[in-house]
Amino acid sequence: MKKKWFLLAVVLALVLGIAALYIFGPVEGPMPLWMSILPPLVAIAMALIIKEVVSSMFIGILTGTFIMALYAGQSPVSAFGGGLLRVVDTYVSGALFEDEHITIIIFTMLIGGMVRIVTANGGMQGMVNWLSRRAKGPRSGQLMTFIMDLCIFFDDYSNTLVVGNTMRPIADKLKVSREKLAYIVDSTSAPVVAVAFVTTWIGAELSYIQDGINTIGLEVSAYSVFINSLAYSFYPFLTLSFVLMIILSGRDFGPMLKAERKARMASMTETETLRSATQPAHIIDAMIPLSVLVFSTIVGLIATGYDAAIWNDTSVGFFPKISATIGEANSYLALLWGSLLSLLTAIIVTLLRGYLTFAKVMEEMVEGFKSMFNAVLILTMAWAIALIAKDMHTAEFVSHLLVQWSLSPVLVPALTFVLATLIGFSTGTSWGTMAILYPLILPASWMLCQEQGLSVEAATPLFYNIVASVLAGSVMGDHCSPISDTTIMSSMASGCNHMQHVSTQMPYALMVGGTALFIGVLPTALGLPTWVAFLMGVTVLFLVVRFVGKKV
């Protein structure tokens with residue numbers, strides 16, 4: 001309670017302080033760019049303190065609309081009133097009007113409906129029974145979750161929703177905490193998708209890299225730059241290693257240790273139990289809709305990204321063709337088609353098996369839609385925060401700090417990693433961070449190397465390191481941010497309180513991020529071989545797990 005009152009006092013002081021600056025007259029001149037960081041900072045600080053996301057994001061958006069109204073020449077009173085209205089009529093509605101966001105909302109609701117139906121028809125219980133015979137305890141259950149995450153490597157949204165919803169009842173039965181499940185899902189999905197060759201990310205990554213290459217004038221392909229940069233992608237690979245170490249060791253530390261011990265001591269009545277069904281529990285009733293979801297999504301990716309010129313080119317191998325096709329695909333359409341077909345399949349299977357009446361199936365489907373409301377609300381507010389950060393040029397302010405400094409080229413990869421982390425944390429989007437930094441950092445860093453007299457041979461490894469640092473920092477910032485869409489979806493699919501997921505995952509992300517920065521990114525920029533850096537990073541993380549972590 002004291003924390004809440006303290007926070008309210010801080011927010012009130014902030015609002016009154018800004019108003020007092022302009023109470024005696026209209027604002028003159030443009031808004032100082034440093035003020036652009038206030039909306040996300042206020043939202044994140046409130047969320048971390050009071051553990052409630054929606055109201056925190058609302059206050060963050062209001063802070064931004066209030067500041068912009070003041071600098072538009074309005075009085076503090078009218079700026080507050082107008083800013084309050086703009087929260088809804090401009091930013092919340094603007095977030096919902098974007099086609100990609102609407103697609104994600106529909107996709108999420110369709111998945112919720114499908115999961116609810118296969119739970120009602122006994123299919124999910126059948127899957128739980130089948131997996132439980134193979135997952136004998138918490139460790140094997142967590143390992144199974146990790147393997148499933150690796151298998152669904154082509155898209156992070158599909159990964160989090162399918163694996164989180166599927167493994168949640170297993171985790172409950174094995175007394176694995178929801179926080180641990182959300183961590184495994186979140187910290188496996190994005191790192192895998194970020195570095196894999198055939199994913200829904202690859203097209204965006206290559207296009208961003210290509211923009212930077214075009215500005216520089218280098219005669220290399222974006223794909224070759226991406227491949228070479230993987231040797232410097234320390235955070236994604238170390239994160240996957242760390243997740244596996246945590247699982248196999250049975251050790252945890254920090255808030256995650258408390259969550260795991262609490263889950264182990266909980267009785268079965270305190271964990272989620274699937275609703276009993278009068279019909280037999282058959283795994284096939286869940287596997288058919290889930291298989292349709294994965295298969296149809298892959299087919300949709302190939303259909304929307306197919307280019308006859310690429311497939312008719314005999315000089316290109318099969319896997320590069322597949323990668324190029326997936327990279328050019330419309331992932332949002334593919335996800336939408338896959339989720340719709342999986343829902344229809346669940347309905348048809350349930351009716352053909354005679355488990356439920358049509359009216360009951362529709363009732364369960366609607367209940368599944370309703371179960372997604374909280375997640376959709378949080379997602380909408382997160383998108384609104386990102387929209388106001390875009391209007392206030394938050395990312396540009398942070399990124400320009402690097403460009404304005406006179407730096408040694410060997411420090412640029414490390415500072416790029418930190419910068420990408422800060423932007424990803426502030427905006428809650430990996431893709432947005434990459435879109436901003438790649439066209440800005442790649443030309444600036446290359447020009448800096450030329451000005452410092454570095455040869456092309458000396459500058460190229462630094463360039464690859466910088467390319468990887470943008471991607472890795474984006475993923476890390478996304479992992480730590482309470483306003484990240486993938487973080488929200490991971491907690492939602494795992495049935496975990498969102499802020500509990502953030503608070504338990506952040507120490508692990510910071511540990512891996514610090515190791516990636518000081519043992520990977522910086523030393524390799526100074527000349528350390530990448531394989532040595534990876535070996536040292538894995539060793540350090542192993543020692544942390546062994547001597548800092550404690551048996552649950």
Side-chain angles (χ1 to χ4, degrees), residues 36 39-40 42-44 47 53-69 72 79 81-113 155-158 160-161 200-201 203-204 207-208 300 304 329-340 343 366 369-396 423-424 426-436 478 481-489 492 498:
S36 64
V42 168
I44 291 169
V53 183
V54 176
S55 62
S56 301
M57 291 196 213
F58 182 87
I59 296 297
I61 300 169
L62 179 59
T63 301
T65 56
F66 178 62
I67 292 173
M68 288 192 292
L84 185 63
L85 298 178
R86 289 193 68 195
V87 171
V88 176
D89 67 26
T90 301
Y91 290 101
V92 173
S93 60
L96 291 173
F97 285 155
E98 292 193 21
D99 291 342
E100 293 177 352
H101 294 170
I102 288 293
T103 301
I104 292 173
I105 290 174
I106 297 174
F107 163 69
T108 302
M109 293 180 66
L110 291 175
I111 291 292
D155 181 75
D156 52 337
Y157 289 160
S158 296
T160 55
L161 289 178
T200 55
W201 282 40
S207 66
Y208 298 150
T304 57
N330 187 327
S331 59
Y332 294 100
L333 276 181
L335 292 171
L336 198 60
W337 296 342
S339 58
L340 174 62
L343 174 61
V366 173
F369 292 165
K370 292 179 181 178
S371 68
M372 298 292 113
F373 176 76
N374 286 341
V376 169
L377 179 60
I378 296 174
L379 277 174
T380 302
M381 299 301 288
W383 291 328
I385 279 278
L387 191 59
I388 199 166
K390 179 181 178 181
D391 287 351
M392 296 183 72
H393 307 287
T394 302
E396 285 84 344
I423 294 176
S426 301
T427 62
T429 167
S430 299
W431 283 35
T433 302
M434 290 187 288
I436 291 165
D478 190 83
S481 178
I483 60 175
S484 159
D485 53 358
T486 50
T487 303
I488 294 167
M489 295 178 79
M492 170 201 68
H498 179 58

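When atom types are taken as modelled, the side chain of Ser93 and the backbone of Val88 share a donor-acceptor pair closer than 3.5 angstrom. In this structure, Thr65 contributes its side chain and Leu62 its backbone to a donor-acceptor pair below 3.5 Å.
Considering CZ of Phe66 and CG of Leu84, their distance stands at 11.5 Å, rounded to 0.5 Å. If you take CH2 on Trp337 and OG1 on Thr103, they are separated by 11.0 Å, rounding to the nearest 0.5 Å. If you take NE2 on His498 and CE on Met489, they are separated by 12.5 Å, rounding to the nearest 0.5 Å.
Closest of all the heavy-atom pairs between Pro39 and Ile388 is CB-CG2, 4.3 Å. Ala95 and Ala384 make their closest contact through CB-N, 3.8 Å (heavy atoms, listed as atom of the first residue, atom of the second, distance). Contact between Ala334 and Gly300 at its shortest, heavy atoms only, is CB-C, 3.7 Å. Smallest separation of non-hydrogen atoms from Ser481 and Gly424: CB-O, 4.0 Å.
Under 3.5 Å, the side chains of Ser484 and Thr487 contain a donor-acceptor pair of N or O atoms.
When each of Val42, Ile61, Thr380 is paired with Ile385, the side chain to side chain contact (heavy atoms under 4.5 Å, CB included) condition holds for Ile61 and for no other.
The side chain to side chain contact (heavy atoms under 4.5 Å, CB included) check on Thr90 picks up Arg86, with sequence neighbours excluded.
Phe369 is not listed as a side-chain neighbour of Ile106, based on a closest heavy-atom distance of 4.5 Å or more. Put simply, the side chain of Ile488 does not reach to within 4.5 Å of the side chain of Ile483, judged on heavy atoms.
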